[in-house]
Amino acid sequence: MHYLADGLRLPTNGLDYTILAIYFAVVLGIGFAARASVKTSLDFFLSGRSLPAWVTGLAFVAANLGATEILGMAATGAQYGVAVVHWYWIGAIPAMVFLGLVMMPFYYGSKVRSVPEFLLQRFDRSAHLLSSVLFAFAAILIAGVNLYALSIVVEALLGWPQWVAIVVAGFFVLAYITVGGLSSAIYNEVLQFFVILAALIPLTILGLKRVGGWDGLTGSLERQHGSDFLSAWGGTGIGDANPLGANWLTIVLGLGFVLSFGYWTTNFAEVQRALSAKNLSAAQRTPLIAAFPKIFIVFVVMIPGLVAAVLVPKIGTAGSDLTYNDAIPLLMQELLPNGVLGIAVTGLLAAFMAGMAANVSSFNTVFTADIWAKYVVKDRDDTYYLRFGRLITAIGVIASIGTAFLAASFSNIMGYLQTLFSFFNVPMFVVFIIGMFWKRASMKSGFWGLIAGTGAAMVNYFVIYKQGVVDIPTDQGANFVSAIVGFVAGAVVMVVVTLFTAPKPESELAGLVYGTRSPGMEEAPSEGDDAWYRRPALLGWGAIALAAACYIPYSF
């Protein structure tokens with residue numbers, strides 16, 4: 001197992017633990033305060049579709065800003081250098097804008113409770129059941145990654161036994177989600193967003209100061225790793241060697257299109273936050289509002305990774321007892337005084353709980369609404385499904401503990417997550433995108449597209465890459481290729497199956513295919529004005545323009 005280095009124990013004191021205790025008390029308080037609003041299963045699973053856009057927007061970005069994001073992206077920065085910006089400016093912003101402008105009207109207008117439920121309306125029960133099972137399984141695996149990351153960090157940094165960290169953190173997530181439902185998770189994610197930034201910003205500033213500012217950082221890295229380490233596109237020509245082990249084509253298609261759009265547009269842990277918004281306009285603005293802080297978050301996770309690469313030049317290599325995942329904890333130990341250290345530890349715990357809560361809350365919705373209520377126990381009263389939702393939340397947390405150690409074989413946990421996304425999110429995305437833009441796509445094509453996409457991605461990773469059939473330099477490069485293979489296989493199979501099976505009657509496609517509208521998608525304006533910040537298209541193009549402007553210094 002790839003634990004954090006034993007020498008990273010933090011010099012915490014009573015002040016740090018007091019800050020931590022206050023945070024946990026506030027988290028539970030928010031959960032119990034949200035309980036009063038949970039009267040129905042819709043309240044529990046989607047906050048009664050009542051939340052304002054700014055709340056859902058911050059929750060949207062915080063749900064992704066988990067411990068795996070912070071530790072994993074800092075690790076990616078230490079390992080691959082400035083190329084980590086690809087995961088944000090190519091691998092997130094365009095897809096978030098696409099979700100807000102193009103896909104949210106279909107999701108929200110169809111009044112579905114989950115992403116798999118949309119496939120039930122567009123295709124058939126087989127596609128719906130398979131997508132529900134795949135998503136539920138993936139959600140538990142990803143929640144387990146967050147739990148594993150937290151337990152290892154807490155054991156190394158604070159000296160808590162691993163099982164104590166797992167039980168304590170799991171209990172708090174279970175408590176506030178079970179009591180307050182999605183509203184509790186979302187309001188806590190808003191709090192966690194600011195706590196996480198309060199931890200990362202001082203770490204970034206002090207880290208830069210330690211290595212002599214930006215010029216000192218870049219100068220040291222260029223001497224140690226070469227100029228390509230400081231360039232997002234350096235050495236990415238086809239056939240060229242670069243730290244990432246991927247060329248521009250696999251970056252643009254594998255990460256920028258397939259993995260990115262597959263994650264941000266079909267991952268219910270994210271989409272659920274937008275579906276809880278109070279109206280269609282707020283739902284569309286949710287990912288667009290989230291895109292703006294997402295543009296800049298890369299700096300507070302990438303720079304600590306780069307600083308760690310300067311302070312420990314052999315980090316992640318056989319000559320060091322530090323893995324790439326140690327980058328953030330290393331800087332916390334080296335740079336932060338007590339008090340600030342307590343905030344940083346709290347930020348890591350907040351990041352863990354945001355990531356795990358997002359996956360557990362989406363898991364309980366899909367398992368209850370899409371599997372249990374539709375295929376196991378049907379047509380019961382709403383109170384029954386509300387009780388069952390709370391029960392399956394507890395089961396989901398326990399299952400996450402069981403999957404936590406599957407992440408142990410990856411020294412860079414972000415690599416493990418990207419592998420999961422290529423297996424589960426990419427096939428769902430290809431089914432969505434073809435079904436949403438091609439009326440002729442038949443009812444049976446959705447099921448077989450999911451089978452083909454998932455199977456092809458797994459074969460490429462476990463057979464073609466792991467068995468050395470084709471030489472791919474890194475796990476990340478293999479993930480990009482697996483995503484492309486899964487997308488192409490799913491698309492080809494969907495087209496072939498469509499040619500031999502019956503399409504869905506056109507009368508049943510209203511509001512489910514681009515160019516059609518249903519009565520549920522008609523919505524009278526409720527905001528009262530036409531201010532720029534209420535216009536999704538303007539917000540979306542603004543986010544893309546700002547991301548492009550940020551990218552200019554790294555594009556040469």
Student: Determine whether W438 and V495 make a side-chain contact, defined as any pair of heavy atoms from C-beta on separated by less than 4.5 Å.
Tutor: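 Touching, per the 4.5 Å side-chain cut-off.
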Student: Taking side chain as C-beta onward, heavy atoms only, is F193 less than 4.5 Å from I297?
Tutor: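 Yes, their side chains come closer than 4.5 Å.
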Student: Check whether any side-chain heavy atom of L386 lies under 4.5 Å from a side-chain heavy atom of K39, and answer yes or no.
Tutor: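 No, their side chains stay 4.5 Å or more apart.
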Student: Is a donor from one side chain sitting under 3.5 angstrom from an acceptor on the other, for R273 and S361?
Tutor: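 The criterion, which ignores hydrogens and geometry beyond distance, is satisfied for S361 and R273.
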Student: Using a 4.5 Å cut-off on heavy atoms from C-beta on, say whether the side chain of V485 contacts that of Y461.
Tutor: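 With C-beta onward as the side chain, the pair stays apart.
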Student: Test side-chain contact (heavy atoms from CB on, under 4.5 Å) on L58 and E189 and set out the steps.
Tutor: CA-CA 7 Å; L58 290 180; E189 283 161 2; over 6 Å; no
Student: Please tell me whether S422 and S482 have a donor and an acceptor in their side chains that are separated by less than 3.5 angstrom.
Tutor: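 No donor-acceptor contact under 3.5 Å links the two side chains.
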Student: Do any N or O atoms from the side chain of W264 and from the backbone of I93 form a donor-acceptor pair under 3.5 angstrom?
Tutor: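 No.
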Student: Shortest non-hydrogen contact from A143 to V360?
Tutor: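 Closest heavy-atom pair between A143 and V360: CB-CG2, 4.3 Å.
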Student: Any side-chain heavy atom of V61 within less than 4.5 Å of one from F292?
Tutor: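 SC-SC contact between V61 and F292 ruled out.
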Student: For the side chain of Y263 and the backbone of N425, is there at least one donor-acceptor N/O pair under 3.5 Å apart?
Tutor: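 The answer is no, because no donor-acceptor pair under 3.5 Å joins these two groups.
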Student: Taking all non-hydrogen atoms of both residues, which atom of T266 and which atom of Y107 are closest, and how far apart?
Tutor: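 Smallest heavy-atom distance, with atoms named: CA-OH, 4.0 Å.
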Student: Within the 4.5 Å heavy-atom criterion, are L275 and R49 side-chain neighbours or not?
Tutor: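 L275 vs R49: side chains touch.
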Student: Before you tell me yes or no, could you show the steps for W87 and L259 under side-chain contact (heavy atoms from CB on, under 4.5 Å), namely the whole-Å CA-CA distance, both residues' side-chain angles and the distance that decides it to 0.1 Å?
Tutor: CA-CA 10 Å; W87 273 267; L259 274 172; over 6 Å; no
Student: Are the side chains of M96 and F60 in touch, meaning some heavy atoms are under 4.5 Å apart?
Tutor: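 In short, these two side chains touch, coming nearer than 4.5 Å.
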Student: Are the side chain of Y384 and the backbone of V377 linked by a donor-acceptor contact shorter than 3.5 Å?
Tutor: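 Absent.
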Student: Can L101 and L288 be said to form a side-chain contact (heavy atoms from CB on, under 4.5 Å), step by step?
Tutor: CA-CA 9 Å; L101 298 184; L288 303 178; 4.0 Å; yes
Student: Checking the side chain of T498 only, and the main-chain atoms of S442 only, is there a donor and an acceptor separated by less than 3.5 Å?
Tutor: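 The answer is yes, because a donor-acceptor pair under 3.5 Å joins these two groups.
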Student: Does any N or O in the side chain of Y108 come within less than 3.5 Å of the main-chain N or O of N279, such that one atom is a donor and the other an acceptor?
Tutor: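 Such a contact is found between Y108 side chain and N279 backbone.
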Student: Decide yes or no for M73 and Y88: does some side-chain heavy atom of the first lie under 4.5 Å from some side-chain heavy atom of the second?
Tutor: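 Side chain of M73 against side chain of Y88, heavy atoms only: contact under 4.5 Å found.
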Student: Is the CD atom of E506 crowded by more than 12 outside heavy atoms at less than 6.0 Å?
Tutor: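 At most 12 heavy atoms, drawn from other residues, nucleotides or ligands, come within 6.0 Å of this atom.
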Student: Quickly, which of T365, T383, D381, D382 forms a side-chain hydrogen bond (donor to acceptor under 3.5 Å, both in side chains) with S41? Name it, please.
Tutor: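 Between S41 and the candidates, side-chain hydrogen bond (donor to acceptor under 3.5 Å, both in side chains) is satisfied uniquely by D382.
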Student: Test of understanding: with side chain to side chain contact (heavy atoms under 4.5 Å, CB included), list the residues that count as partners of K374, not counting sequence neighbours.
Tutor: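 By the side chain to side chain contact (heavy atoms under 4.5 Å, CB included) rule, K374 matches E117, L120, H128.
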Student: Tell me whether the rings of F261 and F257 are parallel (<30°), tilted (30 to 60°) or perpendicular (>60°).
Tutor: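 The arrangement is tilted - the two ring planes meet at 30° to 60°.
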Student: Taking all non-hydrogen atoms of both residues, which atom of A483 and which atom of V258 are closest, and how far apart?
Tutor: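 In terms of heavy atoms, the two residues are closest at O-CG1, 3.2 Å.
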Student: Which atom pair, heavy atoms only, marks the closest approach of K439 to L509?
Tutor: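 That would be O-CD1, 3.8 Å.
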Student: If a pair satisfies side-chain hydrogen bond (donor to acceptor under 3.5 Å, both in side chains) and one of its residues is in residues 388-397, list it, with sequence neighbours excluded.
Tutor: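 Every pair satisfying side-chain hydrogen bond (donor to acceptor under 3.5 Å, both in side chains) with a residue in residues 388-397: N364-T393.
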Student: Once rounded to the nearest 0.5 Å, what's the spacing between atom CZ of F268 and atom CG of D370?
Tutor: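 Here the rounded value is 7.5 Å.
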Student: Donor-acceptor check, side chain of T56 to backbone of A53, threshold 3.5 angstrom: yes or no?
Tutor: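 Yes: the side chain of T56 pairs with the backbone of A53.
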Student: Looking at W448 and M494, would you say the former's side chain and the latter's main chain have a donor-acceptor pair under 3.5 Å?
Tutor: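 Between the backbone of M494 and the side chain of W448 there is no qualifying donor-acceptor contact (under 3.5 Å).
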Student: Nearest 0.5 Å, please: how far is CZ in F447 from CZ in R125?
Tutor: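 So the gap between those two atoms works out to 13.5 Å.
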Student: Return the minimal non-hydrogen interatomic distance between T286 and A277, and the atom names on each side.
Tutor: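 Distance-wise, the nearest heavy atoms are OG1-CB, 4.2 Å.
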Student: How far does CD of Q284 sit from CE of M103, to the nearest 0.5 angstrom?
Tutor: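 So the CD of Q284 and the CE of M103 are separated by 12.5 Å.
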Student: Within the distance-only criterion (no hydrogens, no angle test), does the side chain of K504 pair as donor or acceptor with the backbone N or O of Q121 below 3.5 angstrom?
Tutor: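 Pair found, side chain donor or acceptor close to backbone of Q121.
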Student: Heavy atoms only: give me the nearest T368-Y385 pair and the separation to one decimal.
Tutor: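 It is CG2-O, 3.8 Å.
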Student: Can you list everything that forms a side chain to side chain contact (heavy atoms under 4.5 Å, CB included) with S131? Sequence neighbours excluded, please.
Tutor: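 By the side chain to side chain contact (heavy atoms under 4.5 Å, CB included) rule, S131 matches P116, L119, M428, L450.
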Student: Quick one: CZ on F44 to OG on S184, what's the gap to the nearest 0.5 Å?
Tutor: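 Here the interatomic distance stands at 9.5 Å.
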Student: Are there more than 12 heavy atoms of other residues, nucleotides or ligands under 6.0 Å from atom NZ of K444?
Tutor: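 Not more than 12 within 6.0 Å, no.
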Student: What's the spacing between F135 CZ and F424 CZ if we round to 0.5 Å?
Tutor: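 Rounded to the nearest 0.5 Å, the CZ-CZ separation comes to 11.5 Å.
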Student: Given the rule in the side-chain contact (heavy atoms from CB on, under 4.5 Å) test, do V481 and Y465 qualify, once you have shown the distances and angles that lead to the verdict?
Tutor: CA-CA 9 Å; V481 175; Y465 167 57; over 6 Å; no
Student: Looking only at side-chain N and O atoms, does S281 offer a donor or acceptor that is under 3.5 Å from a partner on R285?
Tutor: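 A donor-acceptor contact under 3.5 Å links the two side chains.
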Student: Kindly compute the distance separating CG (L249) from CZ (F480), expressed to the nearest 0.5 Å.
Tutor: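 One gets 12.0 Å once the value is rounded to the nearest 0.5 Å.
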Student: Report yes or no: does Y80 contribute a side-chain atom to a donor-acceptor pair with the main-chain N or O of A75 at less than 3.5 Å?
Tutor: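 No: the side chain of Y80 does not pair with the backbone of A75.
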Student: Classify the side-chain pair T40/D43 by whether it contains a donor and acceptor separated by less than 3.5 Å.
Tutor: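 A pair is found: one side chain offers a donor N or O, the other an acceptor, under 3.5 Å apart.
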